[in-house]
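Below, chain A is the first sequence line, B the second, and so on; all start at residue 1.
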Amino acid sequence: MIYRSLFPRDVLAELDRLQREMQQGFRLSPSIRGIARGGFPAMNVGGTPQSVEIYAFAPGIDPATLDVQIEKGVLTVAGERQRQAPGEEATVHIDERFEGRFRRVVTLPDDVDPNAVDAKYRDGVLRISIARKQSAQPRRITVQ
Amino acid sequence: MSDNSQVKQPAARDEAALQPPVDVIEDASGITLYADLPGVPKDKLQLHVEADTLTIEGEIDLEMPGGIEASHAEVSLSRYRRVFSLSKELDASKVSAEFSQGVLKLAIPKAEHAQPRKVEVKIL
């Protein structure tokens, strides 16, 4: 039996939920898959002329259990985060950290090369680096 | 007392920071706190116990290629900060901490005198 404190945490959690829903209602999604805020793991996506960089903030996960796939221009990061069950006599005062299975999907730009992917896990952050195709990289053309 | 409160909040600490999610579990021996601080290397994590205040601070340090432009950012600040007040029965001098893969585990034991004792009920 886990005892959870009902007050005031739950009121705050409820406010949090409301705020999230409002944000979702007002936000313009750039892609049909959105990238829903508030999911786990949180993601940052950026790019350089040579590569697309994706950072997934997924602390405390065994990297061997992470499932990273690229299929038809869509990147999927999936896995599970397990928590040690608290002892029988324990009281849970705050319970905010994510627990359970997760799956997040990112639509990649058209010019990436799915065969040139590099994934590293460090300090609880999964960094996926996908090179852009050679043909898509900016070239300087010499004028004869 | 007023001197103390000034020391606790210098201007630099008021800058915007992310609030890391935590789990706090209490059992007979003390309190265990887990905090998610992804992206913080060990040397950029700072823990302060001052009087009855516990402060967790960390700075995110990600490897980023030069000239990167963000197109979507959910983690938009590079600092974490969260403050807890400890209660009297906790022994702040015996806090032990582990930090691995972005997860901080803090064990704060209860002071000797606050360990639970069974109270005998006498039937008269």
Out of curiosity, B:Leu37 CG to A:Asp123 CG, how far, rounded to the nearest 0.5 Å?
10.5 Å

Rounded distance [0.5 Å steps], CG in B:Leu62 versus CG in A:Asn44
7.5 Å

Can you tell me how far the OH atom of A:Tyr55 sits from the CE atom of B:Met64, to the nearest 0.5 Å?
5.5 Å

Contact part of B:Val40 toward chain A, heavy-atom cut-off under 4.5 Å: side chain, backbone, both or neither?
backbone

Using a strict threshold of under 4.0 Å (side-chain N to carboxylate O), is an ion pair present between B:Asp36 and A:Arg81?
yes

Within the supplied structure, the quantity of interest is the number of heavy atoms (other residues, nucleotides, ligands) at a distance under 6.0 Å from A:Asp110 CG; does it exceed 12?
no

Restricting to salt bridge (Lys or Arg N to Asp or Glu O under 4.0 Å), what partner residues turn up for A:Glu99, sequence neighbours left out?
A:Arg83

Please find the pair of heavy atoms, one from A:Arg97 and one from B:Tyr34, that lie closest to each other, and give the distance.
NH1-CB, 3.3 Å

Give a yes or no on whether the backbone of A:Glu89 and the side-chain of B:Asp27 come within a donor-acceptor separation of less than 3.5 Å.
no

Taking B:Asp23 for the side chain and A:Glu96 for the main chain, is one N or O donor matched with an acceptor at less than 3.5 Å?
yes

Would a distance-only check, ignoring hydrogens and angles, find a side-chain to backbone donor-acceptor pair under 3.5 Å from A:Thr48 to B:Gly67?
no

Are A:Phe57 and B:Leu77 connected in the hydrophobic side-chain network, where two residues link if heavy atoms are under 4.5 Å apart?
yes

State, to 0.1 Å, how close B:Val75 and A:Ala42 come at their nearest heavy-atom pair, and which atoms those are.
CG2-CB, 3.8 Å

Rounded to the nearest 0.5 angstrom, the CD1-CD1 distance for B:Ile25 and A:Ile94 is 10.5 Å

Does the B:Glu69 side chain pair with the main chain of A:Gly47, one donor and one acceptor, at a distance under 3.5 Å?
no

Tell me, with the steps shown, if A:Lys120 and B:Glu63 meet side chain to side chain contact (heavy atoms under 4.5 Å, CB included).
CA-CA 10 Å; A:Lys120 282 185 205 137; B:Glu63 254 176 60; 4.2 Å; yes

Within a strict 4.5 Å, meaning less than it, do heavy atoms of the A:Gln50 and B:Pro65 side chains meet?
no

List the atom pairs, with distances to 0.1 Å, where a side-chain N or O of residues 58-70 of chain A and a protein N or O form a donor-acceptor pair under 3.5 Å, not counting sequence neighbours.
residue: A:Asp62; atom: OD1; partner: A:Ala64; partner atom: N; Å: 3.1
residue: A:Thr65; atom: OG1; partner: A:Asp62; partner atom: O; Å: 2.8
residue: A:Asp67; atom: OD1; partner: A:Gln69; partner atom: NE2; Å: 3.4
residue: A:Asp67; atom: OD2; partner: A:Gln69; partner atom: NE2; Å: 3.4

Rounded distance (nearest 0.5 Å) linking atom CD of B:Glu26 with atom NE2 of A:His93
3.5 Å

Checking B:Phe99 against chain A: side chain, backbone, both or neither under 4.5 Å from a heavy atom?
neither

